[in-house]
**Q** 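I have a structure I would like to understand better, so I am pasting it below and will then ask my questions one at a time.
A, B, ... follow the sequence lines: proteins, then strands. Residue 1 opens every chain.
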There are 2 protein chains.
Amino acid sequence: MRKVYLAGPEVFWPDAGAIGQAKRALCAEAGWVGLFPLDNDLAVDGLAPQAVAQAIFDANIAMIARADAVIANLSPFRGPGADPGTVFEVGFAHALGKPVFGYSVEGGSLLDRTRARLPLTRAASEMRDPDGALVEDFGLAENLMIACALAAPMVLPQAGDAADLRGLGLFRRCLALLGLP
Amino acid sequence: MRKVYLAGPEVFWPDAGAIGQAKRALCAEAGWVGLFPLDNDLAVDGLAPQAVAQAIFDANIAMIARADAVIANLSPFRGPGADPGTVFEVGFAHALGKPVFGYSVEGGSLLDRTRARLPLTRAASEMRDPDGALVEDFGLAENLMIACALAAPMVLPQAGDAADLRGLGLFRRCLALLGLP
């Protein structure tokens, strides 16, 4: 059976296990095996924190390496951009030639999502954040390095969609893009 | 001459060209060729925004592929975490087996930097952000996927350092870690 790695900040959610299970069930319906980071059964008892981190890192990397594709939850995380751990995994998977599909529960472009959180100023045709940093404006849903790495445009909520704060509907649409295993 | 890719949010700074030049000069002093994304001479006149984004993406990816190593500015960017474009490049370079060194102009752990920006609540031994997401606490300077990918611990300001808001002193310390080309 072909396998898809489930990248996203869900590992930090209070009900991480349940959401991982829900995603794996949706994968199974679509004929795929979903690989969720918390499914790694790590023997970390008694290890120092940094050794635990290294064990999680090694296990996640190995999981991505044996996956045939990745679906990444790229919803805003503590700011306008996606969870950095997830973004790292998108870059890692892309370098290995794995197709990566992404979704965000918040629609619009990166510029829209940045403007919703930070006061921006316009200088000529450019928008800048409070630190003076340019907010790129290519009409893409994320930083261009992420948006251009995706195998299809990022999946975003559409007008008329039911509320989908946890993104399972968007995740299903990514599974459909992934196609038959 | 061996080459080091200069990843970071400097491409968004108002004086991006000057900071790129300063970093390349420091690389040359250390015997390395610094590859700065904006040095790619792209023919994008008249292209649609998304085609421009794709051209930048392709050029950056090619630059990383021909680099022998990466130094990444992982300072907080519009929130507690590093610039997502830079994080993507760290993941991409790590998958290609390139040694990646990183620095941040703000010291402390990821937990410290998150606590400085967001009201956190403690539930048992765990810290959670206003969305209920766990703030990982491995004593690392970034999300573990980034921290564990680095070839050396992230370079951070030390007590007694002169102010280094643009991080060039930290960048030099990364060059020293990189060693002789």
**Q** Under a 4.5 Å heavy-atom cut-off, does chain A meet the side chain of B:Ala149, its backbone, both or neither?
**A** both
**Q** Considering non-hydrogen atoms only, spot the tightest contact between B:Ala53 and A:Leu144 and give its length.
**A** O-CD1, 3.5 Å
**Q** Relative to chain B, which of A:Val52, A:Leu140, A:Val135, A:Asp137 shows the most heavy atom pairs under 4.5 Å?
**A** A:Val135
**Q** Are B:Val11 and A:Leu110 linked, directly or through other ILVMFWY residues, by side chains that come within less than 4.5 angstrom of each other?
**A** no
**Q** For A:Arg128, is the CZ atom crowded, meaning more than 12 foreign heavy atoms sit under 6.0 Å from it?
**A** yes
**Q** Applying a strict under-4.5 Å side-chain criterion to I, L, V, M, F, W and Y, I'd like to know whether B:Phe77 and A:Leu118 cluster together.
**A** no
**Q** Given heavy-atom pairs under 4.5 angstrom as the criterion, report whether the side chain, backbone, both or neither of B:Asp83 touches chain A.
**A** side chain
**Q** Is chain A contacted by the side chain of B:Thr86, its backbone, both, or neither, given a heavy-atom distance below 4.5 Å?
**A** neither
**Q** I'd like to know which of A:Gly79, A:Gly85, A:Ala65 tops the heavy-atom pair count under 4.5 Å against chain B.
**A** A:Gly85
**Q** In terms of hydrophobic clusters joined by side-chain contacts under 4.5 Å, are A:Phe138 and A:Leu111 together?
**A** no
**Q** If Ile, Leu, Val, Met, Phe, Trp and Tyr residues are connected whenever their side-chain heavy atoms lie under 4.5 Å apart, and connections chain through other members, are A:Leu168 and A:Leu165 in the same group?
**A** no
**Q** Within a 6.0 Å radius of atom CZ on B:Arg24, are there more than 12 heavy atoms belonging to other residues, nucleotides or ligands?
**A** yes
**Q** For a quick test of reading the model, state the closest non-hydrogen atom pair linking A:Arg78 to B:Leu134 and the distance between them.
**A** NH2-O, 2.7 Å
**Q** Find the one option among A:Gly81, A:Pro14, A:Gly132 whose heavy-atom pairs under 4.5 Å with chain B are most numerous.
**A** A:Pro14
**Q** Would you please classify the geometry between the A:Phe88 ring and the B:His94 ring as parallel, tilted or perpendicular, with 30° and 60° separating the classes?
**A** tilted
**Q** Give the cluster check for A:Trp13 versus B:Met127: same hydrophobic cluster or not, with ILVMFWY residues linked at side-chain heavy-atom distances below 4.5 Å.
**A** no
**Q** State, with a plain yes or no, whether a side-chain heavy atom of A:Met145 is found less than 4.5 Å away from one of B:Ile61.
**A** yes
**Q** Just verifying a value: how many Å separate B:Asp58 CG and A:Cys148 SG, rounded to the nearest 0.5 Å?
**A** 7.5 Å
**Q** Less than 4.5 Å to any heavy atom of chain A: does that hold for the side chain of B:Pro84, its backbone, both, or neither?
**A** both
**Q** Quick check on B:Glu89 against chain A: is it the side chain, the backbone, both or neither that has a heavy atom closer than 4.5 Å?
**A** side chain
**Q** Calculate, to the nearest 0.5 Å, the distance between atoms CZ and CG belonging to B:Phe12 and A:Asp129 respectively.
**A** 10.0 Å
**Q** Checking heavy atoms, do the side chain of B:Arg117, its backbone, both or neither come under 4.5 Å from chain A?
**A** neither
